[in-house]
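Heads up: the structure comes next, in C-alpha coordinates.
Chain identifiers are assigned alphabetically (A, B, ...) following the order of the sequence lines, protein sequences preceding nucleic acid strands; residue numbering begins at 1 within each chain.
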Protein chains: 2
Amino acid sequence: MSKSVAGPEIEKLIQLLARVPGLGPRSARRAALQLIKKKQQLLGPLAEAMSVAFDKVQICSQCGNVDTLNPCTICTDPRRDNAVIIVVEDVADLWALERAAAMNCVYHVLGGTLSPLDGVGPDDLNLRPLVDRASAGDIKEIIIAVNATVEGQTTAHYITDQLDGLDISITRLAHGVPVGGELDYLDEGTLTAALRSRTRL
Amino acid sequence: MSKSVAGPEIEKLIQLLARVPGLGPRSARRAALQLIKKKQQLLGPLAEAMSVAFDKVQICSQCGNVDTLNPCTICTDPRRDNAVIIVVEDVADLWALERAAAMNCVYHVLGGTLSPLDGVGPDDLNLRPLVDRASAGDIKEIIIAVNATVEGQTTAHYITDQLDGLDISITRLAHGVPVGGELDYLDEGTLTAALRSRTRL
(Lines give C-alpha, C1' and ligand atoms only; values in the text may rest on other atoms or scores of the structure.)
Protein backbone atom coordinates (compact mmCIF):
# COMPACT_ATOMS: atom_id res chain seq x y z
CA MET A 1 0.00 0.00 0.00
CA SER A 2 1.60 3.21 -1.11
CA LYS A 3 1.53 6.37 0.97
CA SER A 4 -1.49 8.58 0.42
CA VAL A 5 -0.32 11.57 -1.61
CA ALA A 6 -3.60 13.28 -2.43
CA GLY A 7 -6.87 13.99 -0.64
CA PRO A 8 -9.21 11.11 0.30
CA GLU A 9 -11.50 11.80 -2.66
CA ILE A 10 -8.64 11.43 -5.15
CA GLU A 11 -7.27 8.39 -3.31
CA LYS A 12 -10.69 6.75 -3.48
CA LEU A 13 -10.87 7.46 -7.23
CA ILE A 14 -7.41 5.90 -7.69
CA GLN A 15 -8.35 2.81 -5.65
CA LEU A 16 -11.52 2.23 -7.66
CA LEU A 17 -9.75 2.83 -10.99
CA ALA A 18 -7.15 0.23 -9.98
CA ARG A 19 -9.93 -2.37 -9.92
CA VAL A 20 -10.91 -1.68 -13.54
CA PRO A 21 -9.60 -4.54 -15.73
CA GLY A 22 -6.61 -3.31 -17.72
CA LEU A 23 -5.53 -0.79 -15.07
CA GLY A 24 -3.20 -1.62 -12.18
CA PRO A 25 -2.30 0.48 -9.13
CA ARG A 26 0.34 2.45 -11.04
CA SER A 27 -1.67 3.09 -14.19
CA ALA A 28 -4.69 3.96 -12.04
CA ARG A 29 -2.74 6.89 -10.59
CA ARG A 30 -1.72 8.03 -14.03
CA ALA A 31 -5.30 7.65 -15.27
CA ALA A 32 -6.71 9.58 -12.29
CA LEU A 33 -4.31 12.44 -12.91
CA GLN A 34 -5.17 12.61 -16.61
CA LEU A 35 -8.87 12.50 -15.78
CA ILE A 36 -8.44 15.41 -13.37
CA LYS A 37 -6.43 17.37 -15.92
CA LYS A 38 -9.07 16.73 -18.57
CA LYS A 39 -11.85 17.51 -16.14
CA GLN A 40 -14.31 19.08 -18.56
CA GLN A 41 -13.53 16.92 -21.60
CA LEU A 42 -13.17 13.51 -19.92
CA LEU A 43 -13.80 13.24 -16.16
CA GLY A 44 -17.22 14.91 -16.26
CA PRO A 45 -18.55 13.03 -19.31
CA LEU A 46 -17.19 9.71 -18.00
CA ALA A 47 -18.79 10.20 -14.58
CA GLU A 48 -22.04 10.98 -16.36
CA ALA A 49 -21.77 7.98 -18.73
CA MET A 50 -21.09 5.64 -15.81
CA SER A 51 -24.00 7.04 -13.86
CA VAL A 52 -26.31 6.58 -16.88
CA ALA A 53 -25.03 3.02 -17.39
CA PHE A 54 -25.55 2.30 -13.69
CA ASP A 55 -29.14 3.52 -13.87
CA LYS A 56 -30.16 2.05 -17.20
CA VAL A 57 -28.19 -1.07 -18.06
CA GLN A 58 -29.95 -4.35 -17.40
CA ILE A 59 -29.76 -8.00 -18.38
CA CYS A 60 -32.03 -9.04 -21.27
CA SER A 61 -34.56 -11.48 -19.81
CA GLN A 62 -34.73 -13.30 -23.14
CA CYS A 63 -31.09 -13.82 -24.17
CA GLY A 64 -28.90 -12.62 -21.26
CA ASN A 65 -27.28 -9.76 -23.22
CA VAL A 66 -26.65 -6.45 -21.45
CA ASP A 67 -28.48 -3.43 -22.80
CA THR A 68 -30.50 -0.43 -21.74
CA LEU A 69 -33.59 -2.12 -23.16
CA ASN A 70 -35.24 -5.34 -21.98
CA PRO A 71 -35.70 -7.35 -24.17
CA CYS A 72 -32.49 -6.09 -25.72
CA THR A 73 -31.97 -4.29 -29.04
CA ILE A 74 -30.87 -7.53 -30.71
CA CYS A 75 -33.84 -9.61 -29.50
CA THR A 76 -36.32 -6.93 -30.64
CA ASP A 77 -34.64 -6.18 -34.00
CA PRO A 78 -37.24 -7.09 -36.67
CA ARG A 79 -34.52 -7.49 -39.34
CA ARG A 80 -32.91 -10.40 -37.53
CA ASP A 81 -33.56 -14.07 -38.12
CA ASN A 82 -35.15 -15.25 -34.87
CA ALA A 83 -35.04 -18.86 -36.02
CA VAL A 84 -31.26 -19.08 -35.53
CA ILE A 85 -29.78 -18.75 -32.03
CA ILE A 86 -26.04 -18.49 -31.38
CA VAL A 87 -25.20 -19.76 -27.89
CA VAL A 88 -22.22 -17.98 -26.28
CA GLU A 89 -20.56 -18.13 -22.88
CA ASP A 90 -20.31 -14.43 -22.27
CA VAL A 91 -21.55 -11.04 -23.50
CA ALA A 92 -17.98 -10.34 -24.66
CA ASP A 93 -18.31 -13.28 -27.09
CA LEU A 94 -21.64 -11.89 -28.32
CA TRP A 95 -19.96 -8.53 -28.97
CA ALA A 96 -17.08 -10.25 -30.79
CA LEU A 97 -19.49 -12.15 -33.06
CA GLU A 98 -21.50 -8.98 -33.71
CA ARG A 99 -18.31 -7.21 -34.78
CA ALA A 100 -17.63 -10.05 -37.21
CA ALA A 101 -21.14 -9.36 -38.56
CA ALA A 102 -21.20 -12.73 -40.30
CA MET A 103 -24.71 -13.69 -39.18
CA ASN A 104 -27.83 -11.66 -38.62
CA CYS A 105 -29.55 -13.79 -36.01
CA VAL A 106 -30.17 -13.75 -32.25
CA TYR A 107 -28.14 -14.95 -29.27
CA HIS A 108 -28.30 -16.76 -25.97
CA VAL A 109 -25.73 -15.89 -23.31
CA LEU A 110 -25.01 -18.75 -20.90
CA GLY A 111 -23.06 -16.65 -18.40
CA GLY A 112 -20.27 -19.24 -18.14
CA THR A 113 -19.59 -22.92 -18.75
CA LEU A 114 -20.27 -26.08 -16.81
CA SER A 115 -17.35 -26.68 -14.49
CA PRO A 116 -17.96 -29.35 -11.83
CA LEU A 117 -14.53 -28.68 -10.27
CA ASP A 118 -15.50 -25.04 -9.68
CA GLY A 119 -18.98 -26.02 -8.52
CA VAL A 120 -20.71 -24.61 -11.61
CA GLY A 121 -23.65 -26.86 -12.50
CA PRO A 122 -26.49 -26.50 -15.03
CA ASP A 123 -28.59 -24.46 -12.58
CA ASP A 124 -25.84 -21.83 -12.27
CA LEU A 125 -26.03 -21.06 -15.98
CA ASN A 126 -28.70 -19.48 -18.17
CA LEU A 127 -29.48 -22.95 -19.60
CA ARG A 128 -33.10 -23.69 -18.74
CA PRO A 129 -34.33 -20.57 -20.63
CA LEU A 130 -32.43 -21.79 -23.71
CA VAL A 131 -34.27 -25.12 -23.62
CA ASP A 132 -37.54 -23.20 -23.18
CA ARG A 133 -36.75 -20.97 -26.17
CA ALA A 134 -35.87 -24.03 -28.24
CA SER A 135 -39.03 -25.91 -27.18
CA ALA A 136 -41.28 -22.95 -27.93
CA GLY A 137 -40.87 -23.73 -31.62
CA ASP A 138 -39.92 -21.69 -34.68
CA ILE A 139 -36.23 -22.33 -34.03
CA LYS A 140 -34.44 -23.91 -37.00
CA GLU A 141 -30.82 -23.89 -35.85
CA ILE A 142 -28.84 -23.49 -32.66
CA ILE A 143 -25.15 -22.66 -33.21
CA ILE A 144 -23.10 -23.52 -30.13
CA ALA A 145 -20.29 -20.94 -30.11
CA VAL A 146 -18.65 -21.71 -26.77
CA ASN A 147 -14.89 -21.53 -26.30
CA ALA A 148 -12.87 -24.51 -27.56
CA THR A 149 -11.89 -25.45 -23.99
CA VAL A 150 -12.69 -28.63 -22.06
CA GLU A 151 -15.42 -26.80 -20.10
CA GLY A 152 -16.79 -25.30 -23.31
CA GLN A 153 -17.00 -28.66 -25.03
CA THR A 154 -18.58 -30.29 -21.95
CA THR A 155 -21.19 -27.54 -21.97
CA ALA A 156 -21.77 -28.02 -25.70
CA HIS A 157 -22.42 -31.75 -25.18
CA TYR A 158 -24.75 -31.05 -22.26
CA ILE A 159 -26.77 -28.60 -24.36
CA THR A 160 -26.96 -31.08 -27.23
CA ASP A 161 -28.32 -33.70 -24.81
CA GLN A 162 -30.91 -31.28 -23.42
CA LEU A 163 -32.16 -30.41 -26.90
CA ASP A 164 -32.36 -34.03 -27.99
CA GLY A 165 -35.62 -34.91 -29.68
CA LEU A 166 -36.39 -31.38 -30.89
CA ASP A 167 -36.48 -30.78 -34.62
CA ILE A 168 -33.60 -28.32 -34.50
CA SER A 169 -30.28 -28.44 -36.30
CA ILE A 170 -27.53 -28.09 -33.68
CA THR A 171 -24.17 -26.93 -35.01
CA ARG A 172 -20.87 -25.70 -33.63
CA LEU A 173 -18.10 -23.40 -34.88
CA ALA A 174 -15.54 -24.94 -37.24
CA HIS A 175 -12.07 -25.75 -35.93
CA GLY A 176 -9.13 -24.77 -38.10
CA VAL A 177 -6.28 -22.41 -38.78
CA PRO A 178 -7.11 -18.81 -37.69
CA VAL A 179 -7.18 -16.40 -40.64
CA GLY A 180 -3.72 -14.82 -40.79
CA GLY A 181 -2.34 -17.52 -38.49
CA GLU A 182 1.02 -19.23 -39.00
CA LEU A 183 1.04 -23.03 -38.96
CA ASP A 184 4.33 -23.05 -37.09
CA TYR A 185 2.70 -21.53 -34.01
CA LEU A 186 -0.39 -23.76 -33.93
CA ASP A 187 -0.87 -26.77 -31.67
CA GLU A 188 -1.23 -30.31 -33.01
CA GLY A 189 -4.94 -30.47 -32.17
CA THR A 190 -5.75 -27.45 -34.30
CA LEU A 191 -3.62 -28.70 -37.19
CA THR A 192 -5.23 -32.15 -37.03
CA ALA A 193 -8.71 -30.56 -37.03
CA ALA A 194 -7.75 -28.28 -39.93
CA LEU A 195 -6.49 -31.26 -41.94
CA ARG A 196 -9.56 -33.38 -41.19
CA SER A 197 -11.95 -30.57 -42.20
CA ARG A 198 -9.91 -29.58 -45.26
CA THR A 199 -11.88 -28.08 -48.13
CA ARG A 200 -11.45 -28.28 -51.89
CA LEU A 201 -9.69 -25.30 -53.49
CA MET B 1 -14.37 2.23 -36.17
CA SER B 2 -15.91 -1.04 -35.02
CA LYS B 3 -19.57 -1.78 -35.45
CA SER B 4 -21.81 -0.69 -32.59
CA VAL B 5 -22.75 -3.82 -30.68
CA ALA B 6 -24.55 -2.41 -27.65
CA GLY B 7 -26.92 0.45 -26.94
CA PRO B 8 -25.75 4.07 -27.34
CA GLU B 9 -25.26 4.50 -23.58
CA ILE B 10 -22.87 1.53 -23.40
CA GLU B 11 -21.11 2.61 -26.62
CA LYS B 12 -20.59 6.07 -25.13
CA LEU B 13 -19.15 4.55 -21.96
CA ILE B 14 -16.77 2.41 -24.06
CA GLN B 15 -15.69 5.40 -26.16
CA LEU B 16 -14.94 7.51 -23.08
CA LEU B 17 -13.14 4.64 -21.33
CA ALA B 18 -10.96 4.20 -24.44
CA ARG B 19 -9.64 7.74 -23.85
CA VAL B 20 -8.44 6.90 -20.32
CA PRO B 21 -4.64 6.52 -20.38
CA GLY B 22 -3.78 2.82 -20.07
CA LEU B 23 -6.93 1.64 -21.82
CA GLY B 24 -7.26 1.22 -25.57
CA PRO B 25 -10.37 0.53 -27.66
CA ARG B 26 -10.20 -3.22 -26.99
CA SER B 27 -9.53 -3.05 -23.27
CA ALA B 28 -12.16 -0.32 -22.93
CA ARG B 29 -14.79 -2.80 -24.11
CA ARG B 30 -13.55 -5.40 -21.64
CA ALA B 31 -13.49 -2.80 -18.87
CA ALA B 32 -17.02 -1.59 -19.69
CA LEU B 33 -18.35 -5.14 -19.58
CA GLN B 34 -16.68 -5.84 -16.23
CA LEU B 35 -17.98 -2.55 -14.84
CA ILE B 36 -21.50 -3.48 -15.92
CA LYS B 37 -21.15 -6.95 -14.42
CA LYS B 38 -19.87 -5.49 -11.16
CA LYS B 39 -22.52 -2.80 -11.19
CA GLN B 40 -23.06 -2.48 -7.45
CA GLN B 41 -19.47 -3.08 -6.33
CA LEU B 42 -17.59 -1.09 -8.97
CA LEU B 43 -19.61 0.86 -11.56
CA GLY B 44 -21.76 2.70 -9.02
CA PRO B 45 -18.93 3.64 -6.62
CA LEU B 46 -16.66 4.67 -9.51
CA ALA B 47 -19.34 6.89 -11.05
CA GLU B 48 -19.80 8.47 -7.63
CA ALA B 49 -16.05 8.92 -7.03
CA MET B 50 -15.64 10.56 -10.44
CA SER B 51 -18.56 12.84 -9.83
CA VAL B 52 -17.12 13.88 -6.44
CA ALA B 53 -13.69 14.45 -8.01
CA PHE B 54 -15.29 16.50 -10.78
CA ASP B 55 -17.09 18.69 -8.24
CA LYS B 56 -14.32 19.09 -5.69
CA VAL B 57 -10.88 18.78 -7.23
CA GLN B 58 -9.10 22.04 -7.98
CA ILE B 59 -5.62 23.36 -8.70
CA CYS B 60 -3.76 24.74 -5.67
CA SER B 61 -3.29 28.48 -6.31
CA GLN B 62 -0.03 28.39 -4.38
CA CYS B 63 1.87 25.39 -5.76
CA GLY B 64 -0.15 24.00 -8.69
CA ASN B 65 -0.90 20.64 -7.01
CA VAL B 66 -4.34 19.07 -7.48
CA ASP B 67 -6.42 18.60 -4.35
CA THR B 68 -9.89 19.10 -2.97
CA LEU B 69 -8.55 21.96 -0.86
CA ASN B 70 -7.09 25.27 -2.05
CA PRO B 71 -4.39 25.93 -0.88
CA CYS B 72 -3.70 22.20 -0.98
CA THR B 73 -3.14 19.80 1.94
CA ILE B 74 0.63 19.95 1.41
CA CYS B 75 0.84 23.77 1.34
CA THR B 76 -1.24 24.07 4.51
CA ASP B 77 0.45 21.24 6.43
CA PRO B 78 2.01 22.91 9.53
CA ARG B 79 4.51 20.04 9.96
CA ARG B 80 6.20 20.77 6.64
CA ASP B 81 9.27 22.90 6.09
CA ASN B 82 7.98 25.83 4.03
CA ALA B 83 11.50 27.10 3.52
CA VAL B 84 12.33 24.34 1.04
CA ILE B 85 10.50 24.14 -2.30
CA ILE B 86 10.87 21.22 -4.70
CA VAL B 87 10.12 22.32 -8.27
CA VAL B 88 8.57 19.57 -10.43
CA GLU B 89 7.20 19.44 -13.97
CA ASP B 90 4.00 17.62 -13.19
CA VAL B 91 1.71 16.56 -10.34
CA ALA B 92 2.69 12.95 -11.12
CA ASP B 93 6.29 13.85 -10.18
CA LEU B 94 5.05 15.43 -6.94
CA TRP B 95 3.19 12.22 -6.12
CA ALA B 96 6.28 10.14 -6.90
CA LEU B 97 8.44 12.25 -4.58
CA GLU B 98 5.78 12.12 -1.86
CA ARG B 99 5.77 8.33 -2.09
CA ALA B 100 9.54 8.34 -1.66
CA ALA B 101 8.86 10.41 1.51
CA ALA B 102 12.50 11.52 1.61
CA MET B 103 11.76 15.20 2.28
CA ASN B 104 9.07 16.92 4.28
CA CYS B 105 8.87 20.21 2.43
CA VAL B 106 6.57 21.93 -0.08
CA TYR B 107 6.37 21.87 -3.88
CA HIS B 108 5.91 23.98 -6.96
CA VAL B 109 4.37 22.36 -10.04
CA LEU B 110 5.47 23.99 -13.32
CA GLY B 111 2.92 22.20 -15.49
CA GLY B 112 5.51 21.30 -18.13
CA THR B 113 8.92 22.35 -19.38
CA LEU B 114 10.17 25.07 -21.67
CA SER B 115 10.08 23.78 -25.21
CA PRO B 116 10.55 26.45 -27.90
CA LEU B 117 10.00 23.87 -30.66
CA ASP B 118 6.56 23.05 -29.24
CA GLY B 119 5.82 26.72 -28.63
CA VAL B 120 5.99 26.41 -24.83
CA GLY B 121 7.50 29.61 -23.42
CA PRO B 122 7.93 30.89 -19.85
CA ASP B 123 4.43 32.39 -19.82
CA ASP B 124 2.87 28.99 -20.57
CA LEU B 125 4.29 27.54 -17.37
CA ASN B 126 3.58 28.21 -13.69
CA LEU B 127 6.94 30.06 -13.47
CA ARG B 128 6.12 33.62 -12.45
CA PRO B 129 4.40 32.47 -9.21
CA LEU B 130 7.58 30.52 -8.34
CA VAL B 131 9.69 33.66 -8.65
CA ASP B 132 7.09 35.50 -6.54
CA ARG B 133 7.23 32.81 -3.85
CA ALA B 134 11.02 32.90 -3.87
CA SER B 135 11.13 36.70 -3.71
CA ALA B 136 8.63 36.83 -0.83
CA GLY B 137 11.42 35.66 1.48
CA ASP B 138 11.74 32.90 4.06
CA ILE B 139 12.82 30.44 1.34
CA LYS B 140 16.17 28.79 2.05
CA GLU B 141 16.41 26.24 -0.73
CA ILE B 142 14.81 25.48 -4.08
CA ILE B 143 15.39 21.94 -5.33
CA ILE B 144 14.86 21.72 -9.09
CA ALA B 145 13.52 18.20 -9.66
CA VAL B 146 12.68 18.34 -13.36
CA ASN B 147 13.23 15.39 -15.65
CA ALA B 148 16.77 14.80 -16.86
CA THR B 149 15.77 15.63 -20.43
CA VAL B 150 17.02 18.45 -22.65
CA GLU B 151 13.80 20.42 -22.01
CA GLY B 152 14.03 19.73 -18.29
CA GLN B 153 17.61 20.98 -18.11
CA THR B 154 16.78 24.06 -20.20
CA THR B 155 13.97 24.83 -17.78
CA ALA B 156 16.29 24.31 -14.81
CA HIS B 157 18.76 26.83 -16.22
CA TYR B 158 16.01 29.31 -16.95
CA ILE B 159 14.74 29.06 -13.37
CA THR B 160 18.26 29.47 -11.99
CA ASP B 161 18.62 32.66 -14.08
CA GLN B 162 15.29 34.01 -12.86
CA LEU B 163 16.22 33.44 -9.23
CA ASP B 164 19.66 35.01 -9.64
CA GLY B 165 20.48 37.53 -6.91
CA LEU B 166 18.16 36.04 -4.30
CA ASP B 167 19.78 34.58 -1.19
CA ILE B 168 18.47 31.10 -1.91
CA SER B 169 20.40 27.87 -2.36
CA ILE B 170 19.36 26.35 -5.70
CA THR B 171 20.03 22.62 -6.05
CA ARG B 172 19.10 19.83 -8.42
CA LEU B 173 18.68 16.06 -8.10
CA ALA B 174 21.85 13.95 -8.23
CA HIS B 175 22.61 11.98 -11.39
CA GLY B 176 23.80 8.42 -10.94
CA VAL B 177 23.01 4.72 -11.05
CA PRO B 178 19.35 3.99 -10.12
CA VAL B 179 19.07 1.91 -6.94
CA GLY B 180 18.74 -1.71 -8.09
CA GLY B 181 19.94 -0.76 -11.58
CA GLU B 182 22.41 -2.79 -13.61
CA LEU B 183 25.40 -0.96 -15.08
CA ASP B 184 25.16 -3.00 -18.25
CA TYR B 185 21.85 -1.39 -19.14
CA LEU B 186 22.81 2.21 -18.38
CA ASP B 187 23.80 4.79 -20.96
CA GLU B 188 27.26 6.37 -21.06
CA GLY B 189 25.98 9.72 -19.81
CA THR B 190 24.60 8.22 -16.62
CA LEU B 191 27.74 6.16 -16.01
CA THR B 192 29.96 9.20 -16.59
CA ALA B 193 27.84 11.23 -14.15
CA ALA B 194 27.90 8.42 -11.60
CA LEU B 195 31.69 8.17 -11.83
CA ARG B 196 32.19 11.93 -11.57
CA SER B 197 29.94 12.16 -8.50
CA ARG B 198 31.39 9.03 -6.87
CA THR B 199 31.28 8.98 -3.09
CA ARG B 200 33.68 7.49 -0.53
CA LEU B 201 32.65 4.09 0.88
Side-chain angles (χ1 to χ4, degrees), chain A residues 2-10 12-13 15-17 19-24 26-54 56-57 65-69 72-74 90-92 94-101, chain B residues 2-10 12-13 15-17 19-24 26-54 56-57 65-69 72-74 90-92 94-101:
Chain A
S2 71
K3 196 190 161 204
S4 169
V5 292
E9 293 88 351
I10 299 176
K12 173 139 202 210
L13 176 61
Q15 277 172 26
L16 286 166
L17 279 172
R19 290 170 54 200
V20 174
L23 295 177
R26 188 170 286 262
S27 46
R29 267 199 303 269
R30 204 160 59 90
L33 200 52
Q34 282 298 321
L35 285 171
I36 290 166
K37 282 186 188 170
K38 296 182 184 164
K39 208 171 140 173
Q40 299 299 334
Q41 311 97 296
L42 191 51
L43 179 57
L46 191 52
E48 175 65 18
M50 285 190 177
S51 174
V52 168
F54 181 77
K56 292 200 179 173
V57 169
N65 186 15
V66 294
D67 202 342
T68 44
L69 301 174
C72 73
T73 317
I74 292 176
D90 197 278
V91 176
L94 185 162
W95 288 1
L97 288 166
E98 278 294 291
R99 285 195 300 278
Chain B
S2 70
K3 197 191 160 201
S4 169
V5 292
E9 293 88 352
I10 299 177
K12 173 139 203 208
L13 176 61
Q15 275 172 26
L16 287 166
L17 279 172
R19 290 171 53 197
V20 174
L23 294 177
R26 189 170 285 261
S27 46
R29 267 200 303 269
R30 205 161 57 91
L33 200 51
Q34 282 297 320
L35 285 171
I36 289 166
K37 282 187 187 169
K38 297 182 183 164
K39 207 172 140 171
Q40 298 299 333
Q41 311 97 295
L42 191 51
L43 180 58
L46 191 51
E48 175 65 20
M50 285 189 178
S51 175
V52 168
F54 181 76
K56 292 200 180 173
V57 169
N65 187 15
V66 294
D67 201 343
T68 45
L69 301 174
C72 74
T73 318
I74 291 177
D90 196 279
V91 176
L94 186 161
W95 288 1
L97 288 165
E98 278 293 291
R99 286 197 300 277

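In this structure, no portion of B:Glu48 lies under 4.5 Å from any heavy atom of chain A. If you measure heavy-atom distances from A:Leu69 to chain B, you find no contacts under 4.5 Å at all. Heavy-atom distances place the side chain of B:Lys56, and not its backbone, under 4.5 Å from chain A. Heavy-atom distances place the side chain of A:Ile10, and not its backbone, under 4.5 Å from chain B.
Contact record, B:Arg29 with A:Trp95: O-CZ3, 3.7 Å, taken as the closest heavy-atom pair. For the pair B:Val57 and A:Lys39, the tightest heavy-atom approach, listed with the atom from each and the gap, is O-NZ, 2.8 Å. Here the shortest heavy-atom pairing between A:Ala49 and B:Leu16 reads CB-CD1, 3.7 Å. Taking each heavy atom of A:Ser51 and B:Ala47 in turn, the nearest pair found is N-CB, 3.8 Å.
Between atom CG of residue A:Leu46 and atom CG of residue B:Leu46 there is a gap of 7.0 Å, rounded to the nearest 0.5 Å.
With chain A as the partner, the residue from B:Leu23, B:Val52, B:Thr73 showing the most heavy-atom pairs under 4.5 Å is B:Leu23. The candidate from A:Ala31, A:Ser27, A:Cys72, A:Ala28 with the greatest count of non-hydrogen atom pairs under 4.5 Å with chain B is A:Ala31. Comparing B:Lys37, B:Arg30, B:Arg19 by heavy-atom pairs within less than 4.5 Å of chain A, the highest count is held by B:Arg19. The greatest number of non-hydrogen atom pairs below 4.5 Å with chain B, out of A:Thr68, A:Leu35, A:Val20, A:Leu97, is found for A:Thr68. For the set A:Asp67, A:Leu43, A:Ile36, the count of heavy-atom pairs under 4.5 angstrom toward chain B peaks at A:Leu43.
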